[in-house]
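For reference, the structure is listed below as structure tokens.
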Amino acid sequence: MYKLYYIAGAAILISFLADRQKTINGLLIGWKKFSKILGTYLKLLIILSIILLISDQFIINYLGNQAPFIGLIMGLIIGSITMMPGFIAYPLAGILVARGVNYMVVAAFITTLMLVGVATFPVEKEYFGVKATIWRNIAGFIISALIALVTGILYGEVLI
Amino acid sequence: MSKKMQDKTNYYLFTIFAAFIFISYLVNFNIGKKIGANFMIFSRDMIAILPPAFVLIGLFDVWISRKSIEKNFGHSSGFKKYIYAILLAATTVGGTFVAFPVANTLYHKGANYSAIFVYVSASSLVMIPMSVMEASILGVKFTAIRIGVSLPLVIISSIILGDFFSKINYQIPEIE
């Protein structure tokens with residue numbers, strides 16, 4: 001869990017032995033970047049905590065009782081607007097599959113969860129600008145839809 | 001709103017939010033307590049990841065020369081840069097939260113648009129521990145399809161977007 005601290009600690013030590021002044025400069029740069037973005041990350045924390053209120057039950061209900069193509073669209077939309085850590089998302093996906101929900105729908109949900117971040121927009125726009133953020137997310141949405149369709153075809157859920 | 005004002009608003013907002021959660025626990029307000037529990041999940045992640053990640057980004061900034069980034073992630077690198085971007089993504093701890101600032105730093109050191117787009121998208125697609133968990137719950141076939149189909153598509157779309165953004169001379173904001 002905290003392994004990144006060990007890595008960063010080791011990096012500081014090595015860097016310090018190699019060049020003291022450079023290390024101090026690097027840490028100052030890191031601190032400056034961190035303090036500039038911290039407020040935005042705090043805002044993101046608020047957004048994410050509220051969005052996760054969309055409960056498992058809600059998602060199971062909405063993705064579970066649909067015709068496949070409606071389910072596909074719902075999966076794409078719910079995956080885009082929500083954001084959850086993998087240890088919540090994957091067990092949830094497992095429940096969906098156990099309930100007989102198509103793999104295509106699960107793929108739509110899981111891939112948009114990864115590739116489309118409506119909730120993370122405030123952070124992404126700081127680093128990429130508004131335009132690039134929007135286009136990257138649109139591309140992610142289209143790619144997710146294609147992945148879901150290919151999944152549906154390869155699992156024999158969509159006949160071509 | 002200026003950047004500084006915005007930042008101030010964020011801190012105020014956060015203080016109010018923290019007070020709301022605290023009071024929710026005191027008066028046993030269920031929705032507030034649930035938001036509080038969610039907040040713990042995400043903030044634990046961020047505390048574990050962000051401070052050391054920015055230490056590494058700072059050191060990266062002073063030690064890695066512009067030349068080496070241009071050579072490996074810039075115009076002269078050809079297709080190789082996408083392979084490097086995916087390898088870097090697979091080993092980036094913390095997913096997109098870390099990938100955004102890293103991508104920004106890479107860009108200002110001479111990486112191409114297409115390379116950083118591939119890097120950011122791949123960093124949420126191919127996180128190694130997550131993919132292992134996925135395969136164990138949904139099956140290896142599912143994970144193989146997802147990664148196998150998505151990576152080529154991410155590279156293609158990033159090249160298209162990269163061309164577009166170079167053509168319109170887009171500037172990515174600089175966070176220093």
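Every chain is numbered from 1 and lettered A, B, ... according to where its sequence line falls, protein lines coming before strand lines.
Residue contact with chain B, scored on non-hydrogen atoms closer than 4.5 Å, involves the backbone and the side chain of T23(A) alike. Contact of L56(B) with chain A is made through the side chain alone, with heavy-atom distances under 4.5 Å. L28(A) does not touch chain B: none of its heavy atoms, backbone or side chain, sits under 4.5 Å away. Contact annotation for S144(A): neither backbone nor side-chain heavy atoms come within less than 4.5 Å of a heavy atom of chain B. In this structure, chain B has a heavy atom under 4.5 Å from the side chain of L44(A), while its backbone stays farther away. Interface residue A53(B): backbone and side-chain heavy atoms are both found under 4.5 Å from chain A. Contact annotation for T133(A): neither backbone nor side-chain heavy atoms come within less than 4.5 Å of a heavy atom of chain B. With a threshold of 4.5 angstrom between heavy atoms, P91(A) approaches chain B through its backbone and through its side chain. For Y6(A), no part lies near chain B; criterion is any non-hydrogen pair under 4.5 Å. Of the two parts of S150(B), the backbone and the side chain both hold a non-hydrogen atom closer than 4.5 Å to a non-hydrogen atom of chain A. Heavy atoms of M84(A) lying under 4.5 Å from chain B belong exclusively to its backbone. For chain B, the nearby part of I37(A) is the side chain; its heavy atoms alone come within less than 4.5 Å. Using a 4.5 Å cut-off between heavy atoms, L138(B) touches chain A through backbone and side chain atoms alike. Residue L161(B) touches chain A through its side chain alone, counting heavy-atom pairs closer than 4.5 Å.
Of the residues considered (I172(B), V154(B), I57(B)), I172(B) shows the highest number of contacts with chain A, using heavy-atom pairs under 4.5 Å. The candidate from W63(B), F165(B), F39(B), Y11(B) with the greatest count of non-hydrogen atom pairs under 4.5 Å with chain A is W63(B). For chain A, the option among Q171(B), K8(B), K141(B), M46(B) with the highest count of heavy-atom pairs below 4.5 Å is K141(B). Interface summary for chain A: among M130(B), E134(B), K34(B), the most heavy-atom pairs under 4.5 angstrom belong to E134(B). In terms of non-hydrogen atom pairs under 4.5 Å with chain A, the most contact-rich of I47(B), L153(B), T96(B), I116(B) is L153(B). Top candidate by heavy-atom pairs under 4.5 Å with chain A, chosen from I137(B), I160(B), V149(B), is I137(B).
L13(A) and V55(B) end up in different hydrophobic clusters when Ile, Leu, Val, Met, Phe, Trp and Tyr side chains are linked at under 4.5 Å. Note: the hydrophobic cluster containing L13(B) also contains F17(B) (ILVMFWY, side chain heavy atoms under 4.5 Å, direct or indirect links). Hydrophobic clustering (side-chain heavy atoms under 4.5 Å, transitive across Ile, Leu, Val, Met, Phe, Trp, Tyr) keeps Y12(B) apart from I23(B). V130(A) and F117(B) fall within a single hydrophobic cluster, where Ile, Leu, Val, Met, Phe, Trp and Tyr are joined by side-chain heavy atoms under 4.5 Å apart, directly or via other members.
With values rounded to the nearest 0.5 angstrom, L17(A) atom CG is found 12.0 Å from I12(A) atom CD1. The CD1 atom of I14(A) sits 10.0 Å away from atom CG of L59(B), with the distance rounded to the nearest 0.5 Å.
Counting heavy atoms of neighbouring residues, nucleotides and ligands inside a 6.0 Å radius, atom CZ of F22(B) does not exceed 12 of them. Environment of CZ in F87(A): crowded, with over 12 heavy atoms of neighbouring residues, nucleotides or ligands closer than 6.0 Å. By the neighbour-count criterion of 12 heavy atoms within 6.0 Å, atom NZ of K125(A) is densely surrounded, having more than that number from other residues, nucleotides or ligands. Other residues, nucleotides and ligands contribute at most 12 non-hydrogen atoms within 6.0 Å of the CD1 atom of I70(A). Atom CZ of F164(B) has more than 12 neighbouring heavy atoms from other residues, nucleotides or ligands inside a 6.0 Å radius.
Checked for salt-bridge contact, K109(B) and E70(B) miss the test: no charged N lies under 4.0 Å from a carboxylate O.
Ring pair F58(A)/Y62(A): centre-to-centre distance below 6.0 Å.
One N or O on the side chain of S124(B) and one on the backbone of S121(B) form a donor-acceptor pair closer than 3.5 Å.
Proximity to chain B among residues 93-100 of chain A is limited to A93(A), G94(A), V97(A), judged by heavy-atom separations below 4.5 angstrom. Using a 4.5 Å heavy-atom cut-off against chain B, the contacting residues of residues 134-142 of chain A are W135(A), R136(A), A139(A).
Ring orientation note: the planes of Y170(B) and Y113(B) are tilted relative to one another, at an angle of 30° to 60°.
No side-chain heavy atom of I50(A) sits under 4.5 Å from any side-chain heavy atom of N38(B).
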Item to check | Stepwise side-chain contact (heavy atoms from CB on, under 4.5 Å) test for Y107(B) and F128(A) | outcome: CA-CA 10 Å; Y107(B) 171 78; F128(A) 278 14; over 6 Å; no
